[in-house]
Every structure is written in structure tokens, then in C-alpha cells.
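Below is one structure, written out as C-alpha cells; the observations come after it.
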Number of protein chains: 2
Amino acid sequence: MSKPPSRPLTLRDVSEASGVSEMTVSRVLRNRGDVSDTTRQKVLTAAKRMGYVPNKIAGALASQRVNLVAVIIPSMSNMVFPEVMGGISRVLETSPLQPVVGVTDYIPEKEEKVLYEMLSWRPSGVIIAGLEHSDASRAMLQASGIPVVEIMDTDGTPIDAAVGISHRRAGREMGRAILRAGYRKIGFLGTRLGADHRARKRFEGFTEALAKSGIEISDTEFYTEGSALGKGREMTQNILKRRPDLDCLYYSNDIVGAGGLLWMIEQGYDIPEKIGLAGFNDVELLQGLPRKLATMDSCRAEIGRRAAEIILARVETPESASAGKVELSPKINFGDTLRLS
Amino acid sequence: MSKPPSRPLTLRDVSEASGVSEMTVSRVLRNRGDVSDTTRQKVLTAAKRMGYVPNKIAGALASQRVNLVAVIIPSMSNMVFPEVMGGISRVLETSPLQPVVGVTDYIPEKEEKVLYEMLSWRPSGVIIAGLEHSDASRAMLQASGIPVVEIMDTDGTPIDAAVGISHRRAGREMGRAILRAGYRKIGFLGTRLGADHRARKRFEGFTEALAKSGIEISDTEFYTEGSALGKGREMTQNILKRRPDLDCLYYSNDIVGAGGLLWMIEQGYDIPEKIGLAGFNDVELLQGLPRKLATMDSCRAEIGRRAAEIILARVETPESASAGKVELSPKINFGDTLRLS
DNA sequence: ATGAAAGCGCTAACAG
DNA sequence: CTGTTAGCGCTTTCAT
């Protein structure tokens, strides 16, 4: 192993070492245009021997092409993200495009900053979570002139294209299913609404569905941070202490729901007969629980896949029209914690 | 909202719009050098009004500086990653450096490819999981001439610097603790060893500790993929059906361990009296379980933090020496599933 | 405090 | 099939 060079290798170094013009070296390394096998071998050998790694910065500037897709999401630790990312990656792997991730922590100012940073790299497209953005963010996206796909949510007006589900409808459908099953004293438990627009929309749809049957949420419990499973446990305990008469709990996500479920099993609650439980997301975790929590699939992998496909299509055919809004239809999974109607 | 321009804005556009030279515009936008307040305001106003976003590609090429740190990890969905990332982000947020993530899926060829891709962007540093890399990968890292920190593991020889724990020692210590508690018929359950070097090293350390007391692993159960919690459940069921006499189960990670624990609680096993359980990682999830699984902290957040600090120091003071190896010392947490010795 | 010139390392476009 | 020329959009360096 030779000691690190003070200056990174350039195309010119490979050119000189192989006795081939820079241009031809570039052609070989990018598999573009016709190059004779003899020259190709010479170049490849020299490049590999020297350990040359092309400089994409220079390449991107010269070609005005950056094969990066900015993916901007609120959180990493969420079970939702890895699956969306999986869907995106699988599609982009078949193309020269590469995803690059930015995280906003549900903070609009941070979203703006992350977006600015990413756009300054001139990516080929943007996939961004949610339809709610600051005016500045929207302006940047518009001005960028690149394909933008807003994901997860379809309740609103997309800047360009959107792929997701209607969280309002998801909440409404769960509300109706719960009523149909005969539950009447219903509690809601979840993240403090506000920054998380999708959780808020589910809550709104849910209360709306209840209201249509003349029913109001009996009680609510919110949390901000901490161990989600542990929070579910704690919140469930709190709400049931306050309102032992509740006969159904709707959680803003499966993880808090799972925490609640585990605690209630320990306590010997009669689920789903005396009390029903439901979450949201259909995370893998539920497969390992003693009883399967009722939930609703959030179509994460498909959202990622479709979003990436839209970007890909637009990059390959820039003149093609925007895909508009793609609304997927999640189904309720009753599991073992909700009576069937 | 005006319609997207066909060409992204350049410094020159801002220069013309504000009547200030490109150079001075550049100075204002980067807060470098002295610029009069009048000019500064003129430029800032124009840039904001036009929605100008600087082109970092060009900037990076001209300045030969890219404020990116490549972070290369095997997996995203793992509970381990977000915490490492959190540690890294918190440190880098105080600097101009930004992390960019690449995922290898535990596949050496993919690691090589991802590394090549990332290095071609000429990052300021690399944080990469593990000490095992292909020769080509090692060569690229050496040749890059940038600071490299290998994280998670310290059992081996780092290319440059390393921050982590000794997984061999972690396995050994857990083995000793289990023996001290009086367990003798011990089973191991985990991911198929091989690609996951750290899991393998824990297993080796573990068997080594048992061997010193003349004890052999009674039985093992491996899995490749699927729901981890569900797999833990399934594997535990399998191993106990085959060997009902086992009195302790060591899992390669907390998630499979948690799955096993949930199943055993349902089945009414006498934990930790008749049978003990232990995992590895100390993930947040455990806080919400009916009983707390015995485990060992893998120091993920601190590893991320320390790694980022090393990169930062080297970037700010290039002449400073490599940090060498930093071995953290995780402690066993006995939880409720292991008798105390 | 501001500007002009040169060039970062590569690729597009054209010539041969 | 191979080479030459002219930038990509910015920053460095040196003048003014």
C-alpha cells in the first residue's frame, strides 16, 4: 500500500499513464462512444492500477447532469421511512439515478434549509414528504424546474405530482369501521398534533366520521417524545384510569398502539369484546405481537416505488406531463383487536 | 408564482439584476471578505427575490472543497442506524459538514460500489461501518487521502481511525455473566452468521467464554430474513421444541430476543428462574416490553458522536494525527430476564 | 471595498 | 475510432 498522494488523481494522470487522450479515457470510463478494445484495456488497466476514482463534481458541472434524487423526509427512526426508501431504491437501482436523503425532524424551517442545501446540488428530481411546505420552500421547488413528487399524503394541492393516501379518508374509514363494530365510547391517543399533518388529518377524518353518527371522542391523550412503545403503555394506562368506561382506543400509529396492546394483555382486558384497539401503518413489528393489532396499511413501499417511477419517467422524457395526484387505497386490517362488524 | 425557468439561475443573473460584480455577489452570499452594507443589501434582496440557489457543484469544483461526510452503513431498518446517525448529525450540525448516507446491505460488492460512488464526490471524510472491507475498498480509502473512521467494531486493524466496541469481548462478557448466574444449557439464536461480522464476533466471544468453563453451546438456531420480532418468536419455539431442557437463550440482537420473550411470556415460562434470556443492543423498544430483556448497550450514539468529532478535528486541522482506535466499554443490563449472579 | 482574469476536472461538440 | 477546443458556474488570486 503506497502512502496517500497529496493530490487526488485526475483524468489527465490516467491519460498520461496510459498514453491515451483525456477524452478517450473519459469515454472508456463512462462506456460512451466507440473505443477499440486495445485502447479500452490499456485505459482500464492503468485506471485500476492507479486507483483512479473519477471526480463527479467536475463531471456534473461539465455535463450539466447530476444523477441524484433528493429525498426529503421528516424522520428516520420512524418505521415508515425505511420502507418508503426501499421502494425508491429498488426503482432507482435500475437507473443511473441515486437517492440522497435529507431529514427535517418535522420542523418547517429545517425543511427549508435541507431543501436549499439539496437543491444547491442540482439534483435531477425531488421526492418530499407531505403537501405542507413554507412559501419559500414551495417557491424553491417551483423555481428549480425539476420534477417534484410530494409523497405520503394526497389531501391538498401538489406543487407538481403527488403519491400517497388520503389520511383524512383513512381516519374516516377507521372511524366508520369502529362504529359499525358497535363501539361507542372512543378514545384517541397519539402524537401531539400540529407538526405532523398526516396524523392530524387522520384525527380530523376520524372525528368527522364519529360526528356523522352523532358521536364525540370521549377522551384524548397526547405525547411529544420518548420511547414510543413505552409511551403507548403509559398513555393507555392514563386514559383508562381517567375513563374506565371507554370501549375503543384509536392510536395515531401502530407503535404506540402496540405498547397499549401489550399493557392491556397483561392487565387481562377482554379484547376485542369489551374494548377494541386500532392503530395505523401496518408495521412489520405487529407480526410478532401476541395478538395482531387492527391497523391500516399506509402503502409505504408502493408510495416510494411510484414516486421514483414518476421521477424516472420525467427525467427520461422531460417533455412528458406531470403525473398529477396518485391516491392509493389502503384497506383496514382487523387483526385480533377489533370486532368485525 | 412565475412559471419555472428553462435554465437555473446563475451568479451572473444575480450580478446583472443587482448591478454588482459576480465576485462581490459571491462574497455576499458566502459571508466572506468585506462588503459594504449597501451592496450587501442590494445583492441579498435581488438574490432572494429571484429565488437564486447557488450551484454547489461549481462552487465545490472551484474551491476544491466539498463539505460532505460519507457515512456508509450496512442497513437502514436496523434499530442501530438511526442512533448512530443521530450522534453524527448532532456533531456535524455545529460545522459546515453534512452527512450523506450510503447503504451496503451487508454485501461487500455493494460496499465497494457505494464507496466508489461516494468517493467520486470527493467528500471531506468517510465514516464506514466495520473493519472488514474488500482489498479494493481498502485501497480506495487509502488512496483518497481523506480521514476515514471505521465504526462499531474494534476487533481488527483500522485503515485510519476506529471507534466502537469489541464485539468479541461483548460476547465473552455476556457468556461469563450467564455462567455466573448458573445457567448451563445454553442456546444461541441469531442471524445467519457470515456477512454480519459483528454478530459473528459476539458469537465467537460467547462460545469462547463458555469453553473456558468447559461448556459448549447446546443448540443454535439461525435465520436469514423476515419480520425480526416474528422470527424471534418462531426460532424460540423451534429451539425449545427440539431442546426443552435449555435453561438460557442468547440472541444475536434485541429484536429477535424480544420476539422470543413475548412468546415465552405467553407460554408461561418461568423467566428468569427456569430459563434466562439475553439480547444485544439495548434498543428503545425494550422499554415498552412487559419485562425488560437483558442486554448490552452497543453505544451507538456515542460511537456516532466520537466518529464525527474525529472527522471534524481532522478536517479543521489536517496535520493532526489519526485518532487510532477508540474502544468503548458497554455494560450488561440484566433487566428482568437473567438471574443476577 | 470591488473587479478582472484564470482555471478547478471534466464532457459536449465538432473535426479528422 | 480518436483527438482538439471550448466551456460548465463558481472561487482563487491578484489588481485597483
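Proteins come first, then strands; the chains are lettered A, B, ... in the order of their sequence lines, and each starts at number 1. Since we're looking at a predicted model, the values are computed, not measured.
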> How long is the line joining CZ of B:R65 and C1' of C:dG7, in whole Å?
Replying inline: 16 Å
>> What is the separation between atom CD1 on A:I57 and atom P on C:dT11, rounded to the nearest whole Å?
In response: 13 Å
> Taking CG from A:L9 and C1' from C:dC10, how many angstroms apart are they, rounded to a whole number?
Replying inline: 15 Å
>> Output the rounded distance in Å from NZ (B:K42) to P (C:dT2).
In response: 8 Å
> Rounded to the nearest Å, what distance is computed from the CD atom of residue B:E16 to the P atom of nucleotide C:dG3?
Replying inline: 13 Å
> Under a 4.0 Å heavy-atom cut-off, which of residues 22-37 of chain B touch DNA chain C?
Replying inline: B:M23, B:T24, B:R27, B:D34, B:V35, B:S36
>> Let's go through A:S26 and A:R30 carefully: what are the C-alpha distance in whole Å and the side-chain angles of both, what is the deciding distance for side-chain hydrogen bond (donor to acceptor under 3.5 Å, both in side chains) to 0.1 Å, and is it a yes or a no?
In response: CA-CA 6 Å; A:S26 168; A:R30 287 179 301 146; 3.0 Å; yes
> Would one find a side-chain N or O of A:Y52 under 4.0 angstrom from OP1 or OP2 of C:dG9?
Replying inline: no
>> Any carboxylate oxygen within less than 4.0 angstrom of a Lys/Arg side-chain nitrogen, looking at A:R305 and A:E302?
In response: yes
> For the pair made of CD in A:Q64 and C1' in C:dC10, what is the distance, rounded to whole Å?
Replying inline: 12 Å
> Would a 4.5 Å heavy-atom cut-off, applied to side chains only, mark B:E83 and B:I303 as touching?
Replying inline: no
>> Could you work out how much the helix from C:dA1-D:dT16 to C:dG16-D:dC1 bends, comparing the axis of its first five pairs with that of its last five, to 10°?
In response: 30°
> Considering only side-chain heavy atoms of B:V20, which listed nucleotide, D:dT11, C:dC10, C:dG3, is closest?
Replying inline: C:dG3
>> Using the rule side-chain contact (heavy atoms from CB on, under 4.5 Å), only one of A:I151, A:I127, A:L115 pairs with A:I72; which is it?
In response: A:L115
> Can you tell if the side chain of B:R198 reaches within under 4.5 Å of the side chain of B:I165, non-hydrogen atoms only?
Replying inline: no
> Rounded to whole angstroms, how far apart are CH2 on A:W121 and P on D:dG9?
Replying inline: 16 Å
> Do B:H133 and B:I159 have side-chain heavy atoms sitting under 4.5 Å apart?
Replying inline: yes
>> Side chain of A:S21 only, heavy atoms from C-beta on: which candidate in C:dG9, D:dT11, D:dT4 is closest?
In response: D:dT4
> Over how many whole Å does the gap from A:N55 atom CG to C:dG9 atom P extend?
Replying inline: 7 Å
>> Apply side-chain contact (heavy atoms from CB on, under 4.5 Å) to residues B:E111 and B:I128 and explain how you reach the verdict.
In response: CA-CA 10 Å; B:E111 176 178 280; B:I128 184 168; 3.9 Å; yes
> Under 4.0 Å between a side-chain N or O of B:T39 and OP1 or OP2 of C:dT2?
Replying inline: yes
>> Do the side chains of B:R27 and B:D34 get close enough for a salt bridge, i.e. N-O under 4.0 angstrom?
In response: no
Using distance only, find each side-chain donor-acceptor pair of residues 52-59 of chain A under 3.5 Å and give its atom names and separation, not counting sequence neighbours.
residue, atom, partner, partner atom, Å
A:N55, OD1, A:I57, N, 2.8
A:N55, OD1, A:A58, N, 3.2
A:K56, NZ, B:E117, OE1, 2.4

